[in-house]
Chemist: 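Dumping the structure here so I can ask a few things about it.
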Amino acid sequence: MNLMKTLTGMLLATAAMAMTATACELTLKSSDTHPDGYPTVEAVKHMGKLLEERTNGRICVEVFHSAQLGQEKDTIEQTKFGVIDLNRVSMGPFNNLVEETKVVSLPFVFKGVDHMHKVMDGPIGEEILTAFEPHGYVGLAFYDGGSRSFYNKVKPIKTVEDMKGMKVRVMQSDIFVDMMTALGANATPMPYGEVYSAIQTGVIDGAENNWPSFESSGHYEVAGYYTLNEHLIVPEVLVMSKASWDKLSAEDQAAVRQAAKDSVPVMRDLWTAREKASEEKVRAAGVEIITDVDKAPFMAAMDSVYEKHVTSDKLKDLVARIKATD
Ligand code: GTR
């Protein structure tokens, strides 16, 4: 009996020790608007796994997906104050806060996804990551956001003229509002989470996004026309709250940065696969996909957007360097 007691006691003590050894001293709270399984969500989970391994279980990441912590614009504010530690968002909602993010949110600024990768993986990308810091964020890594195209519930859009008078939701950034106005449409800035019912009830006619978001949000169920005009390639960003960052040792900061960087190739593979799967799902659902679009008139209409938003020497220089990257 005594032996049993001693053995049980020993086992319990070992279990408790094992638990202490693996228990996270710090759990970083991370926000994402997308559902579980979405490439960005999985990439941040992967980053967390790497970080946990590399800090011997001291630092962990918990991803709150599906906008559990709020819509992007609100979570960006909460991140500034350290209520949220990590945040994976589009660059769009950062435009009005960090002006350098505007240059990679301009319509048709990238020639394609490969061009975007080249720019974001190089010195311009580094400069943009650094630009977050004075605003209370630490830029950690860029993720893919594919090409964004228009979808709506009214008619197949084939030309710029077809955009006239259409009520289209955009992300909450002045660039996108001006982009729609330049195309003759009525822009409605609105949080992502409100778009489905806004299309369904006819508050708006449509919106614009990439294949995975069009599919995972269910917008394809209420907007039956998708025009592949690919007006935007907006990279996504993973930021950390500067307030949370400052609490870490230099060594742990380096570990966070490295784990974030190492999640990028994983994200890109997941993204490629998801784009294909989402396209298949949307096509199978019977959405009319308009591919015979002449992009030139859409591009030509963007001059006024560049004139209005690319005003400082800093932004002019960045845009010129993006265009010169090949
Ligand atoms: C998605 C992006 C989200 C969000 C959304 C939107 O493509 O991944 O971060 O910005 O678009 O349109 O609001």
Side-chain angles (χ1 to χ4, degrees), residues 30-44 63-79 84 86-98 101-102 104-105 107 110 113 116 120 137 139-152 167-177 179-180 187-199 204 206-220 222-223 226 228-239 263-264 267-268 270-272 274-275 277-279 282:
S30 188
S31 173
D32 201 309
T33 196
H34 291 302
D36 206 15
Y38 196 92
T40 52
V41 172
E42 294 309 308
V44 179
V63 182
F64 292 83
H65 55 78
S66 311
Q68 289 172 71
L69 303 181
Q71 298 296 319
E72 284 191 351
K73 214 164 166 271
D74 302 330
T75 62
I76 285 175
E77 259 176 52
Q78 292 185 56
T79 307
I84 295 172
L86 291 165
N87 205 348
R88 195 294 313 162
V89 288
S90 168
M91 294 276 226
F94 258 117
N95 288 172
N96 297 349
L97 278 175
V98 181
T101 64
K102 283 170 112 182
V104 292
S105 309
F110 296 115
V113 171
M116 183 273 281
M120 303 318 279
Y137 308 89
L140 295 176
F142 297 116
Y143 286 162
D144 279 37
S147 301
R148 298 174 74 109
S149 290
F150 294 122
Y151 48 81
N152 79 94
K167 287 176 283 174
V168 187
R169 177 267 175 177
V170 289
M171 282 188 276
Q172 289 149 296
S173 154
D174 298 343
I175 290 189
F176 308 136
V177 172
M179 170 184 80
M180 284 300 170
T188 310
M190 166 189 293
Y192 188 53
E194 292 172 18
V195 179
Y196 187 102
S197 66
I199 299 179
I204 52 173
E208 47 83 57
N209 225 312
N210 51 48
W211 283 108
S213 290
F214 184 39
E215 173 264 312
S216 68
S217 60
H219 294 174
Y220 72 99
V222 285
Y226 193 30
L228 300 183
N229 68 310
E230 304 183 321
H231 54 283
L232 287 173
I233 297 178
V234 187
E236 319 223 317
V237 67
L238 176 64
V239 294
S263 69
V264 173
M267 158 70 194
R268 287 189 185 164
L270 290 170
W271 183 259
T272 311
R274 182 61 181 253
E275 267 191 325
S278 296
E279 176 173 353
V282 168

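For ligands, and for the atoms within them, numbers begin at 1 and follow the listed sequence.
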Chemist: Starting from atom 3 (C) of ligand 1, what is the nearest protein heavy atom, named by residue and atom, and what distance separates them?
Modeler: Glu72 OE2, 3.3 Å
Chemist: Show me which atoms of ligand 1 lie under 4.0 Å from any heavy atom of Arg148.
Modeler: 1 (C), 6 (C), 7 (O), 11 (O), 12 (O)
Chemist: With heavy atoms of His34 as the reference, note each atom of ligand 1 found under 4.0 Å away.
Modeler: 1 (C), 2 (C), 3 (C), 8 (O)
Chemist: Quick one: are Asn95 and Asp174 in side-chain contact, heavy atoms under 4.5 Å?
Modeler: no
Chemist: For atom 2 (C) of ligand 1, what is the nearest protein heavy atom, given as residue, atom name and distance?
Modeler: Glu236 OE2, 3.2 Å
Chemist: Can you tell which part of Asn209 has a heavy atom less than 4.0 Å from ligand 1: side chain, backbone, both or neither?
Modeler: side chain
Chemist: Just checking, any donor-acceptor pair under 3.5 angstrom between side chains of Ser263 and Tyr143?
Modeler: yes
Chemist: Does an N or O from Arg88, backbone or side chain, lie closer than 3.5 Å to an N or O of ligand 1?
Modeler: yes
Chemist: Between Arg169 and ligand 1, which residue portion shows a heavy-atom distance shorter than 4.0 Å: side chain, backbone, both, or neither?
Modeler: side chain
Chemist: What distance separates Asn210 CG from Glu236 CD, expressed to the nearest 0.5 Å?
Modeler: 7.0 Å
Chemist: Does only the side chain of Val195 get under 4.0 Å from ligand 1, or the backbone, or both, or neither? Count heavy atoms.
Modeler: neither
Chemist: Under the 3.5 angstrom rule, does the side chain of Gln68 hit a backbone N or O of His65 as a donor-acceptor pair?
Modeler: yes
Chemist: Which is it for Ser213 and ligand 1 at heavy atoms under 4.0 Å: side chain, backbone, both or neither?
Modeler: side chain
Chemist: Can you see whether Tyr151 engages His219 through a side-chain donor-acceptor pair at a distance of less than 3.5 angstrom?
Modeler: yes
Chemist: For this output row, return yes or no: ring centroids of Tyr192 and His34 closer than 6.0 angstrom.
Modeler: yes
